[in-house]
Colleague: 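I'd like to ask some things about the structure below.
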Amino acid sequence: MNSPANITDPLVLFMPSGKRGRFPVGTPVLDAARQLGVYVESVCGGRATCGRCQIEVQEGNFAKHKIVSSNDHISPKGPKEERYERVRGLPDGRRLSCSATIQGDLVIDVPQDTVINAQVVRKAATDRVIERNAAVQLCYVEVEEPDMHKPLGDLDRLKAALEKDWGWKELLIAPHLIPQIQKILRTTLPDQPEVSPGKWGVTAVVHRDMDSSRPFIIGLYPGLKNEAYGIACDIGSTTIAMHLVSLLSGRIAASSGTSNPQIRFGEDLMSRVSYVMMNPDGREAMTKAVREAVNTLIGKVCDEGAVDRHDIFDCVFVANPIMHHLFLGIDPTELGQAPFALAVSGALQYWAHELDIDVSRGARLYTLPCIAGHVGADAAGATLSEGPYRQDKMMLLVDVGTNAEIVLGNKDRVVAASSPTGPAFEGAEISSGQRAAPGAIERVRIDPETLEPRYHVIGTEQWSDEAGFDEASWKTGVTGICGSAIIEVVAEMYLSGIISEDGVIDGSLAAKSPRIIPNGRTFSYLLREGRQGEPRITVTQNDVRAIQLAKAALYAGVKLLMEKQGAETVDAIRFAGAFGSFIDPKYAMVLGLIPDCDLAEVKAVGNAAGTGALMALLNRDHRREIEREVGRIEKIETALEPHFQQLFIDAMALPNKVDPFPKLSEQVKLPPRKATSETETDAAAPRRRSREERAARRARD
Ligand code: FES
């Protein structure tokens, strides 16, 4: 135990955390870090054999902190550290903080990427630095040899060593390890010269986030084990995404995705629930399919990251409620009908093998809590990632899929709902709609004078009006419109006056432009006359209607939450999910998908659900944080809100019949309001209105 520090003791500042304190000369840097709560990994318990505790001294005059830091202010390498450097190698400037002691004022950098064994560093999947406090810890101990006069069992002596060196009390052990203990303790590894031979050195994998709250030995290895991995997985209806992460360094070893094989049972969530209802073995088949896909994906990320799947000790999963239930083997039928009852809403913990996940035998598995019947653990993950509850500002978080999950709030109060947007935003139900793939139109601009379009196609560098476009686009062809372009083309049609605020294509413009073409009793906009063998790409009146219905459902859900919050405006908008990564926020706002907001405050955040899972994997405090916050989030069921119908009808207009968009108007010239019946007879208008009311009821129910 070091003596208490006084004012003349050296001042030590740790970066990037910024934590600082005074410590007596001779204090090991690792101890100083521990006392300040700075996370520095250690597997060997300070024996200078694992290399996990590396730090760097930053040299210079840090006037702001009143510290002059120098390599002379840290002890020179001692014999243990020199042995480690000789055997394993230390990068230039790196020191082992368990061996190096404080000799003067220091600024210490704790690298976020400590990589042992020179493994390839992959591109980070997320730029965020997540403070580490993983549920899994590797603890090397040297166990006393048996003694005839002290009849304590091998397990008991192992536990005693773990308590003495690491402070673990009341340790439990995974039952499958008990028959293996004696063999593991008596094995010496020839390739570990730094571990003293014959010392009964073993590494225990300790998990400290069990339901019982007692630490659990979930793995045991002879000698020094210096790698432990975890997976963070987001099971979406169409895609399963996974990160493979070192639990010791936080390094992302690999990230990958695969399509959800349940698609063969039904494209969308409700058709999968129907499949379960109509087929006696439907639930089992879908559970098996998704677990197999997860196992295949684990194989893929392990191959990519050069990691043995049996070194995975912790798994965190997020999913929408129906995927969550199917993955866990729960019948999701109740989620298909009001009142949309979840079988379980809280966070869950399993042994990974109980869910057939093929990783280490003792690995644990944690699922984030679900927020409500239609707002799942994926929305909880996105909420953890973006943290509306950590903000002063009113933040709107939307994840647009066939069902939009919406969270709105700030540090005082958070509310959440889902809204049935349908598949139009993904290109389904749109006459020329298609997936985002080479050949799909992804960007559109329309000249308001001539009504001529220009567009950009995935896989072709040039825009359609640039030299070389025709030749360059031959390879992929021009095959349809993907989700981002559907938003843009309808918004551009509105901005150029082709459609009215009610979404009606103005047939009178046919006299001005050959691109306005009759289509039965309505009109279409010709975006592209197909070349040989290519489809003709048009935007029909029905397409515009489908987008209006989808965006009205989303906006009405958002507006309902704003009303619950008593908020006139939102300060920031975050689009989670793939859809949000490709749409231009300006066009989303022109269409009235989202409320008025400073465009600089509208951001796509990618797979925020997956980032939330990663945070919960790397830091168990984040598990408690989201469990607590989900308990505080107020859930709003749009189906039960009579006001939803009126909000939906108002939101059918572009951008909205009643809500102003002053911030948007500062940046985009919105067209003057047009009469609604330019191309519709007055007799047709009531029919249209009653159609909207029916659609609103359908969306609500
Ligand atoms: Fe293991 Fe320092 S703690 S080398």
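Given the structure is predicted, the values throughout are model-derived calculations rather than measurements. As the structure lists them, so they are numbered: ligands from 1, and atoms in each ligand from 1. Along the sequence shown, residues carry numbers from 1.
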Colleague: Which residues satisfy the salt bridge (Lys or Arg N to Asp or Glu O under 4.0 Å) test with Arg620, sequence neighbours excluded?
Modeller: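 None.
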
Colleague: Salt-bridge test for Arg95 and Glu56: reply yes if a basic N is under 4.0 Å from a carboxylate O, no otherwise.
Modeller: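 So Arg95 does not pair with Glu56 through a salt bridge.
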
Colleague: Decide, yes or no, whether a salt bridge links Lys288 with Glu292 under the criterion of side-chain N to carboxylate O below 4.0 Å.
Modeller: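 Salt bridge flag = yes for Glu292 with Lys288.
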
Colleague: State which residues pass ring pair (Phe, Tyr, Trp, His ring centres under 6.0 Å) with Phe216; sequence neighbours excluded, sorted by chain then number.
Modeller: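 Result, ring pair (Phe, Tyr, Trp, His ring centres under 6.0 Å) vs Phe216: Trp351.
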
Colleague: Would you please name every residue forming a ring pair (Phe, Tyr, Trp, His ring centres under 6.0 Å) with Phe313, sequence neighbours left out?
Modeller: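 Checked Phe313 against ring pair (Phe, Tyr, Trp, His ring centres under 6.0 Å); zero matches.
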
Colleague: Can you tell me if Glu144 has over 12 outside heavy atoms packed within less than 6.0 Å of its CD?
Modeller: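 Not more than 12 within 6.0 Å, no.
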
Colleague: For ligand 1, give me the residues whose heavy-atom distance to it is below 4.0 Å, by chain and number please.
Modeller: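 Shell around ligand 1 (4.0 Å, heavy atoms): Ser42, Cys44, Gly46, Ala48, Thr49, Cys50, Gly51, Cys53, Cys98.
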
